[in-house]
Enquirer: 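The structure that follows is given in the form of structure tokens.
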Amino acid sequence: MSAAADATQAAELLALVPADRRVALVDPRFVGHLHALRLGLTDPRFDAAAVPGALTARPAARGALLRALRRAGDAVGTGSPVAPGSAPAAEDRTVPGRLAVALAAEGTAVQRPELGSLTAAVPTGPGERAAAQSSVAAVDDEAVRLRSAVKAHDGFFTTFFISPYSRYIARWCARRGLTPNQVTTASLITALIAAGSAATGSRGGYVAAGVLLLLSFVLDCTDGQLARYSLQYSTMGAWLDATFDRAKEYAYYAGLALGAARGGDDVWVLALGAMVLQACRHVVDFSFNEANHDAVSNTSPTAALSDRLDSVGWTVWVRRMIVLPIGERWAMIAVLTALTTPRIVFYALLVGCALAACYTTAGRLLRSLTRKARRTDRAMRALADLADSGPLAQAVAAVLRRPGGGYTAPLLAFLGGALMVAAALFAPFGGWLVVGAAVLYAVLAGLSVSRPLGGALDWLVPPAFRAAEYCAVLVLAARSDAPHAVPAAFGLVSAVAYHHYDTVYRIRGGTGAPPRWLGRAAGGHEGRTLVVAVLAALLTAGPGFTTALTVMAVAVALVVLVESIRFWVSSSAPAVHDEGELA
């Protein structure tokens, strides 16, 4: 820490700091809470940030800061703005305040965190200083920090049964130097032990599994709260948190299925069905949000009604519980595991998730049909990426065009998916009629995406493809006489679902979908569906179908995991501004 007499000397001092370091300027007259400075000067997610009287710049913004400082010497002394034609935000006429304006004028985004009840001020006289110090004394800095560690919008169970004490666990971890990634890993390990306990098939194992699953969820909440409490945000942390949630849930489903099998009850079909339903729920959410988050002239009476309901406290909690978010879902799974059987757990999951899916999808349909909005090019690209079209669909799209009309894309997608699943369900197993349906599905899928997905309901296209592929694999494995075909299908769908979630996280981070070669290597949704249909036709007897599904699952997992890990540990990974996962 060094003191500078003026902007010129500050520029000289900053030039001596190694280029890979963050730098900060703080007015010596600053009066405020420590956490206000922490929010303004230590958040790793932003290249430049400011609070009244203080400014920070990461290496990417260092050059702009030095240029502004070198221009500022005379300007600050005369009271003129550093950036011509500009005025400091909130009348912050300090050197850091003027420099923040100059950075913004040059095109460098300057984050200004919401301070709420926290104080950050630069008093110019004894009276103002006394008032600022009084404001500091009136607010408990640590209490604000603890409250802000908890998500503002969370589920009922998490808000009232987890966060009241998990925030203190987060503080305990911070004071002992633990990182959010370490807590995330501990949550995963705990969930895997829970899955192993469930796999024993004993009542004691089920009770231990339920307790451990709840403990895993407490740690899952703690890692995000620790990140917010200590401002230890990272791209890797957000990715780990999101992907580990899926890994924990799927591993626990598998553990329950293994435990049930030990007791003579085969529930693998239910386990895979629960996973498929949950994944399809998520893609509905992802697809709708990506299609509409930057829509132009976005208006909807349904959205207005939702906003009015949000003003009535009890309706907010009811609506959050109806969608069965991860907190409510894991609590239900844990309690039912300890008290009942895996079959009842999966029945409850299927019913609860189905009702939640109907509620959320109906609301999104109403919003889409009543809103008046123009979909942006970015949104249409996102929907095309979420569709996960492979070489077959792309070849069809290159030579054919779907008919005009606002709803033709989702209609073709649903028609192709319905034909594929119906053939898998009702056509003779091992016959080539299923293969023909898979070929027709590929053609209709290609037609569906042959034009930009700009229609009001075109966000339904990716969910239709997900449902068709996952359900076709589930049905064909369930109808097969091959031993352990459904567990092998469970592995395949898990690998493919990871690929789809990874695509979502990249799009949400602003970097776009995975590289095209990965989509081609993974075959696309229509290619994988066709391959499974052909395998079912060729390998109708013996363990061959199970072996083929297993090999396919391993191949897809290796390809998508290697590329995903390479991307998320690289410098091109997106700066994630909000951790957390949808229901």
Side-chain angles (χ1 to χ4, degrees), residues 184-221 240-279 281-282 324 326-353 470 473-474 477-478 483-498 501 546 549-550 553-554 557 561 581 583:
T184 301
T185 303
S187 175
L188 173 65
I189 293 172
T190 305
L192 294 179
I193 296 174
S197 299
T200 63
S202 65
R203 178 50 53 194
Y206 290 148
V207 172
V211 172
L212 289 169
L213 186 64
L214 286 177
L215 176 58
S216 174
F217 182 65
V218 171
L219 294 173
D220 185 52
C221 295
L240 289 177
D241 185 56
T243 54
F244 280 8
D245 278 351
R246 305 282 74 78
K248 288 181 286 190
E249 193 160 9
Y250 296 166
Y252 194 81
Y253 290 177
L256 283 175
L258 288 170
R262 284 179 176 271
D265 189 13
D266 187 352
V267 296
W268 274 106
V269 171
L270 296 178
L272 181 51
M275 184 172 74
V276 167
L277 181 54
Q278 187 59 32
R281 280 187 62 203
H282 278 158
L324 203 64
I326 188 169
E328 277 77 357
R329 190 167 69 252
W330 282 27
M332 179 183 73
I333 294 171
V335 172
L336 291 178
T337 299
L339 300 180
T340 64
T341 65
R343 180 172 289 274
I344 293 176
V345 173
F346 286 124
Y347 282 152
L349 265 176
L350 288 167
V351 172
C353 289
Y470 297 167
V473 174
L474 166 60
H484 310 302
V486 180
F490 189 97
L492 175 59
V493 174
S494 298
V496 174
Y498 176 86
Y501 279 108
T546 299
L549 288 178
T550 303
V554 171
L561 276 174
E581 183 57 60

Enquirer: Can you tell me how far apart CD1 (I333) and CD1 (I326) are? Round to the nearest 0.5 Å.
Expert: 9.0 Å

Enquirer: Could you list the donor-acceptor pairs under 3.5 angstrom formed by side chains in residues 346-353, with sequence neighbours left out?
Expert:
from	atom 1	to	atom 2	distance (Å)
Y347	OH	R343	NH1	3.0

Enquirer: Between R203 (side chain only) and A338 (backbone N and O only), is there a donor and an acceptor less than 3.5 Å apart?
Expert: yes

Enquirer: Starting at CD1 of I189, measure out to NZ of K248 and round the result to the nearest 0.5 Å.
Expert: 11.0 Å

Enquirer: Residues two or more places apart in sequence or in another chain: which of them pass side-chain hydrogen bond (donor to acceptor under 3.5 Å, both in side chains) with T185?
Expert: none

Enquirer: For Y206, enumerate each residue passing the side-chain hydrogen bond (donor to acceptor under 3.5 Å, both in side chains) test, keeping only those at least two apart in sequence or located in another chain.
Expert: none

Enquirer: Supply the atom-to-atom distance L474 CG to L492 CG, rounded to the nearest 0.5 angstrom.
Expert: 11.5 Å

Enquirer: Looking at every non-hydrogen atom in both residues, tell me the closest pair between A198 and A209 and how far apart they are.
Expert: N-CB, 3.7 Å

Enquirer: Take W268 and L258 through the test side chain to side chain contact (heavy atoms under 4.5 Å, CB included) and record every step on the way to the result.
Expert: CA-CA 8 Å; W268 274 106; L258 288 170; 3.8 Å; yes

Enquirer: After noting the C-alpha distance and the side-chain angles of Y498 and L561, does the key distance pass the side chain to side chain contact (heavy atoms under 4.5 Å, CB included) rule?
Expert: CA-CA 8 Å; Y498 176 86; L561 276 174; 3.8 Å; yes

Enquirer: So does A488 get a backbone contact from the side chain of T550, meaning a donor-acceptor N/O pair under 3.5 Å?
Expert: no

Enquirer: Could you work out, with side-chain contact (heavy atoms from CB on, under 4.5 Å) as the rule, every residue matching S494, not counting sequence neighbours?
Expert: Y250, M275, F490

Enquirer: When rounded to the nearest 0.5 angstrom, what distance separates CG in D220 from CG in L188?
Expert: 10.0 Å

Enquirer: Got a sec, which residues hit side-chain hydrogen bond (donor to acceptor under 3.5 Å, both in side chains) with T340, two or more places apart in sequence or on another chain?
Expert: none

Enquirer: If I take atom CD1 from residue I344 and atom CG from residue L336, how far apart are they, to the nearest 0.5 angstrom?
Expert: 8.0 Å

Enquirer: List the atom pairs, donor and acceptor, that lie under 3.5 Å between side-chain atoms in residues 210-219 and the rest of the protein, sequence neighbours left out.
Expert:
from	atom 1	to	atom 2	distance (Å)
S216	OG	S187	O	2.8
S216	OG	S187	OG	3.1

